[in-house]
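Quick notes on the structure that follows.
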Amino acid sequence: MKRHIKAIFFIILLFQSLTMSGCWNKRDLNELSILSGMGIDMGSKADEITLVYQIINPSAIAGKGASSMKTPFLTIKTSDKTLFAAIRQGTRETPRRLYFGHVQIYIVSSEIAEKKGIKDLFDLLYRDHEIRENIKVLIAKKQKAEDILSTQSVLEINGGTSLLKHLENAHGSEGTVRPVEVREVISTLMNPTSGLVIPVVYLSPSILRSKLENLQDSVQKSVIKTTGFAVFKKDKLIGYLNPKEGRALNWITDNLIHTVIVVPYKGADNTVEVLHSETEVHTQFKQGKPEILLDIKMDANIGEVNAAVDLTKLSTIEDFKKYTNLSVKKDIENLIKRVQRDYKVDIFQFGTTLERNHPKEWKKIKNNWEEYLVDLTVKIKVNTTIKAVGMKNNTFQLKMEGR
Amino acid sequence: MAIWKWLHQFINRANDEEQEKDMVPLSKILENNLNEIQKDLGNSPDIITRRFILGREHKVSAAIIFTDGLVSNNDINHFLSVLFTEYNDEDVSVSPIKTIKEQLLNIGDVKEAEKKTEILDEILTGSTALFIDGAKTALIASTKGWETSGVMPPENQVVLRGPREAFTTNIRTNTALIRRIITSSKLRLEQMKIGNLSETVIGIMYIEGVAHDKIVQEVRKRIKSIKIDGILGSGYMEDYITDNPWSLFPQVMYTERPDTAAGHLLEGKIIIIIDGTPFVLSVPVTYLMFFQSTDDYYLNWQLSTFLRLLRMFTFFISLTLPSLYVAITTFHQELLPTTLLVSLAAQREGVPFPAFIEALIMELTFEILREAGVRMPRAIGQAVSIVGALVLGTAAVEAGIVSPAMVITVSMTAISSFTAPYIEIVTSARILRFILLMLSASFGLFGMLFGVMGIVIHMTTLRSFGIPYLQGIAPFNITDQKDVFIRAPRFFMNSRPRLFAQKNPIRQDSNIPHPPEDRQRRKQDE
């Protein structure tokens, strides 16, 4: 019996620990302000930054209460000297605890990136347990992050998700941008020889902030657009790449998934759709000078033929191949030239490849890498395989011309 | 403890008295015997004494005693008519008892009895006792024949393609049902009576040479050690013979299907049949046996395997889904995709209770509904389900007391628990679910994981008649895997489960060609 009393006492103690502990970090879903996007702007005072966050309003997005009359998210901004301090100020404005586990987008305004640099804006994201490291980073071109974060989109009403999908869509189909995550930003910043690029978004036109009419009109008065990349030297923004250059950059860094290439042939513009692209970067040293060879292999599909050509002939296909290769090669060469002339930053990550392939030689040139980069020889080899010509063989234009 | 001791003493004293009575022999005088017996049975009106005179020349008074309702009236009538018309008392050298027993009685099971207790037992189980004046023994004729329900289709363990027969409340019918399936002479039946007032007949069946001797012995020992006044059903036995009666997990399997029982016998298990119960117990059991439906062996093996895995999965669901939901939505929101999180958050908008209380309310409601549905007569049972589904489900959501997601969670849990082929396994999940719910509400997934770990540790400590409870997983054995998670095709099942039938593990000739030889080729050979 005594033994039983002990056992019962022990069980009671165990249950005490259950009930007394009181679920200290329990947070019910309706006690949370779920954030979907964050942004950084210049503060009103010189040493301050302004943090903008987008708080999801769940009942407007899902469930019975979902209606266009309610705003799908709130945009709040707070200013302080550090990021964390600004975040804590946010509690002054919301009834619910801010929850960062689902932040998907982190927008930095180009103003702060140009003037102050971005290095002070990332430690918290890396250190905090709640914030993910795979948040996608964006640059707001010549605008405030607030402008972009407060714009409502019609199709995907959840703000952060909308921007994220937007970015992924542009990356997946056209390849002019590519999502860059927080951890990539940090690891690139840690490497002094490589240059950072961050995809750029802007609101077009920038004057009009989102209003309800914007959601009711089929012609949207303000639209968020992605446009290429912002180029960083160290942590300062020094310039931009346009969409076409962005695509060339994705080709070099092997980040291209699909894209379409306009190929002029026989007096008409035709389209080739890239289905798969793979880039190998080969390196070698000639007389102490590094040389790069880009070997690009693409699978493509003839998507649109406006020239009156006979596609059933092998020579036509060969021509398509040749012009596609030329077009890609030209794009890439232009980009490399521009970077060598204007930016002088290794955004292609050639340095890391060199380091991996030739660690000894790399040590010698590492400190002067910028000088080597400016007149680096880059040979480009593009090899396209045309896999298909679509659902039709010859274009109807061939018959139009009576051939 | 004192109470226990006192009880033990009391029971022992009662046994001693029984034994004293047991010694009383019959007297030679008929009237004395009849009076004694009537007195012992308290002059009960359903004990019928029929006196008559036997013979023509040397007339002897005689009587039969039987219990009305337990005997077959046809048998009695026939018995009496034979005695009246064909009894021949010419030869005086032979005692009348012997004459009747050897020449006249056309009933299969006849024996002589001397002791009063034995006679009483027989009368009370449906036999007829014949007393003859001047004889020191009575003749016991088995005239059992009471009203029973016949062999009915099973009600609880329904299968798609198996036989439609279930055990009855009569032990003899039940043993016959099994003997009809396994006709081997190796099939053993041992019978004993348990319960000093009910004297319930208990049968132990096993196949000699297949079942493990030590397990048989252990079963016998455990059943014999039961000292109880009466056994009214199989549940009475369970607490006495299980290894760990404190555990929530079932350690005895019930079946109402003779084919399932026969299947168990063939695997080397031992079945216990209790008179008066249409459920037969089967020991030893392992945890994974409870996921093996009888249908698994009748349907094709691919489907059986899929369904078995599904049942295991749904058991896990029914055990953990509410706690998983509570843990994730209150502690680990980052585990959800954003869209789902937003949708769940929208549903919880305006719900006044924390998710844990919400889950508790819904789970309790479901348990109440379930209990109400079981206890109610079938006609009212439907009303219960309508009230439950409509009023509680829909109205609670519309009133904003619970979120729709919680209703989905609880319904999913409930439906999952209905897939179990043996209802006993669900009982453990029904209770453990609440414990896990509390753990996950306090510590999130960590708490839930600790709970599940605790359950697994507990299960590994369990044994059923010496067989580890998690046999198949915990003592992992590759040859047993053919019938644990998957149900392999028949031609791979060459051996019996290893620990159950160590004596005779070979089940079939492993050289059977499969698939059968090509018909075309055979024709050519001819």
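Below, chains carry the letters A, B, ... as their sequence lines are ordered, and counting in each starts from 1.
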Q.
Is B:Pro404 close to chain A through its backbone or its side chain, or both, or neither, when contacts mean heavy atoms under 4.5 Å?
A.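 When you check distances to chain A, no heavy atom of B:Pro404 falls under 4.5 Å.
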**Q.** Near-ring test A:Phe122/A:Tyr106, centroid separation under 6.0 angstrom
**A.**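 Yes; A:Phe122 has its ring centre under 6.0 Å from that of A:Tyr106.
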**Q.** Which portion of A:Gln104 sits near chain B, non-hydrogen atoms under 4.5 angstrom
**A.**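 A:Gln104 touches chain B through side-chain heavy atoms alone.
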**Q.** A:Phe100, part contacting chain B, at a heavy-atom distance under 4.5 Å
**A.**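 Neither part; nothing is under 4.5 Å.
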(Q) Parallel, tilted or perpendicular, judged at 30° and 60°: which one describes the rings of B:Phe290 and B:Tyr469? (A)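 Plane angle between 30° and 60°, so tilted.
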Q: State whether A:Lys165 and A:Glu168 are salt-bridged, where the test is any N-O pair (Lys NZ or Arg NE/NH1/NH2 against Asp/Glu carboxylate O) under 4.0 Å.
A: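 Here A:Lys165 does not pair with A:Glu168 in a salt bridge, since their nearest N and O are not under 4.0 Å apart.
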Q) How about A:Tyr202 and A:Ile224: do any of their side-chain heavy atoms sit closer than 4.5 Å? A)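 No. Closest side-chain heavy atoms not under 4.5 Å.
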